[in-house]
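Notes follow once the structure below has been shown.
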2 protein chains.
Amino acid sequence: MNLPAKRPGQKERRREREARILKAAEKVFAEAGFGGATMQLIADMAGLPKANLHYYFPTKEALYRQVVQNIFQIWLRAADVFDSADGPAEAIAAYIDAKMEISRHHPAGSKVWASEVMHGAPVIQDYLETTLTEWTEGRAQVIERWIEEGRMNRVDPRHLLYMLWATTQHYADFNHQIETLNGGKPLSDSQWDDAKASVKQIILAGIGISDAGKGG
Amino acid sequence: MNLPAKRPGQKERRREREARILKAAEKVFAEAGFGGATMQLIADMAGLPKANLHYYFPTKEALYRQVVQNIFQIWLRAADVFDSADGPAEAIAAYIDAKMEISRHHPAGSKVWASEVMHGAPVIQDYLETTLTEWTEGRAQVIERWIEEGRMNRVDPRHLLYMLWATTQHYADFNHQIETLNGGKPLSDSQWDDAKASVKQIILAGIGISDAGKGG
DNA sequence: CCCATTTCTGACCATATAGTCAAATTCACG
DNA sequence: CGTGAATTTGACTATATGGTCAGAAATGGG
């Protein structure tokens, strides 16, 4: 059965199991939605008996909640890059790059997030009202300052942020459609570079930042 | 089986019932997803007994399929405005306006569409491969021509289209998030005007079209 | 009014699924 | 080892849900 080559500790083992379940759950929730997902499917994908899931996560909703919260953390971490640059060009370019990377390597998470919000955010409404609202207001003020300083065109900061979210997340949430329009094949490395460059080109030009010949 | 010029009253009634069911179904599918939606809920919202739904639509999937196809038709009709203008500025502005209007007045449809695509388009995969692919390629060529003629910046037409879709549909699919960030209130008339103007401003500037006449 | 056709509906069934539980197994540690 | 705690799991239950159906009710032409 289990090879005695490596003996993980109890806590280690527990964390590994939970991570395994969460990974499977994220995929199934993304593919089938909360209502369409079944604990049995998640269990199969995680390679565990269903009853075992209920040992780690008492209910389907608790499992789902954990998945959504994890995604929110990733989202927040990516948002940090917005602050690590000191000008609009670098900040927004870095933010686009970060979010496009998430869309590429974490599409299931983005889909679960989209689904949650589309259904009225029953689980993370409080996050929207607190953390997300604060982050958005803070960033809107930063953008407003850049505008005052004449470092970018006057645009509504909110709608600029919405456009950034919409565009970058589209590559995850609608990856199936994009793949179909790409002849049924996933975007290649260079196509992803094109995507990132295109998004940055249009948005940066759109807010009046002359992109002096940058690459991906 | 042959119905020689049946009574119009009866047909009318049938159409009214079907429309009523489809409207309720669209809302429930949008709010709960396919898996989370129940025929009972749809029936209640339509004000009809559940068994009556199955008289008009044999299965839940058939009902869902009809809802998705209707949305696709609306989508296609809006896409027409792309061709009724003769230059990139007018065409893209009109397209943005049309799609924003749909997002505003038909958010449930947009959500069902998004959900369908996110889950791998099990129902409308053939539409993606035929109609949508053809439309996209045609429009990409039109954009390419505009670029050749020097009427707009050189951008990847595909990614421009994706950005248009993503941004406009975001106002429908994520309307709950936007509402939350707007202090819990839906966007007012003037806020919708701002949204449309902002999207047009950034994208048109982003592709190198100096927007002389602003306003919504 | 009569009859054929269409429409409606309550009651019912088969199935799927979230969640439970107690017994079995494994683990940590002295 | 021995022991108690943590974990695993097959079998089970309760319930929700999609779909069926037979018969009632309405509809409309002759």
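Please read these numbers as outputs of a predicted model, since none were measured by experiment. Proteins get letters first, then strands, A, B, ... in listed order; numbering begins at 1 in each.
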For this session: Please determine if K111(A) and E31(A) form a salt bridge, counting it only when a charged side-chain N lies under 4.0 Å from a carboxylate O.
Result: no

For this session: Please name the residue in the list I71(B), T131(B), L132(B) that meets the side-chain contact (heavy atoms from CB on, under 4.5 Å) test with L76(B).
Result: T131(B)

Problem set entry | Rounded interatomic separation in angstrom, taking NE2 from H54(A) and P from dA22(C) | 17 Å

Problem set entry | Nearest listed nucleotide, side chain of R13(B), among dA18(C), dC8(C), dT9(D) | dC8(C)

For this session: Using whole Å, report how far NZ of K50(B) lies from C1' of dC12(C).
Result: 10 Å

Problem set entry | Student check: side-chain heavy atoms of K99(A) and Y171(A) closer than 4.5 Å | no

Problem set entry | Phosphate-side-chain proximity, R14(B) and dA26(D), N/O vs OP1/OP2 below 4.0 Å | no

Problem set entry | Interatomic distance, I21(A) CD1 vs dT8(D) C1' [rounded to whole Å] | 11 Å

Exercise. Contact class for A43(B) (heavy atom, under 4.0 Å): base, sugar-phosphate, or nothing?
Worked result: nothing

Exercise. Taking atom CD of E101(B) as the centre, does the number of heavy atoms from other residues, nucleotides or ligands within less than 6.0 Å exceed 12?
Worked result: yes

Exercise. Reckon A37(A) touches a base, only the sugar-phosphate, or nothing at all at heavy-atom distances under 4.0 Å?
Worked result: sugar-phosphate

Exercise. Ring centres of W75(A) and W135(A) under 6.0 Å apart?
Worked result: yes

Seminar exercise, completed: note: L48(B), atom CG; dG19(D), atom P; distance rounded to Å ~ 17 Å

Exercise. Can you find a side chain N or O atom of R17(B) that sits less than 4.0 Å from OP1 or OP2 on dC8(C)?
Worked result: yes

Exercise. Roughly, in whole Å, what's the span from CD in Q40(B) to C1' in dA11(C)?
Worked result: 13 Å

Exercise. Just to confirm, is there a sub-4.0 Å distance from OP1 or OP2 of dT8(D) to any side-chain nitrogen or oxygen of Y56(A)?
Worked result: yes

Exercise. Quick one: E18(A) CD to dA6(D) C1', roughly how many Å, whole number?
Worked result: 13 Å

For this session: Please state how far atom CE in M39(B) lies from atom P in dT20(D), giving the value in whole angstrom units.
Result: 10 Å

For this session: With the side chain of K60(B) defined as its heavy atoms from C-beta on, choose the nearest nucleotide among dG19(D), dT9(D), dC8(C).
Result: dG19(D)

Exercise. Does a nitrogen or oxygen in the side chain of Y55(B) sit under 4.0 Å from OP1 or OP2 of dC8(C)?
Worked result: no

Seminar exercise, completed: Taking dG18(D), dT9(C), dT17(C) as options, the one with an atom nearest any side-chain atom of A51(B) is dT9(C)

Seminar exercise, completed: Taken to the nearest whole Å, CG/L53(A) to C1'/dT20(C) is 14 Å

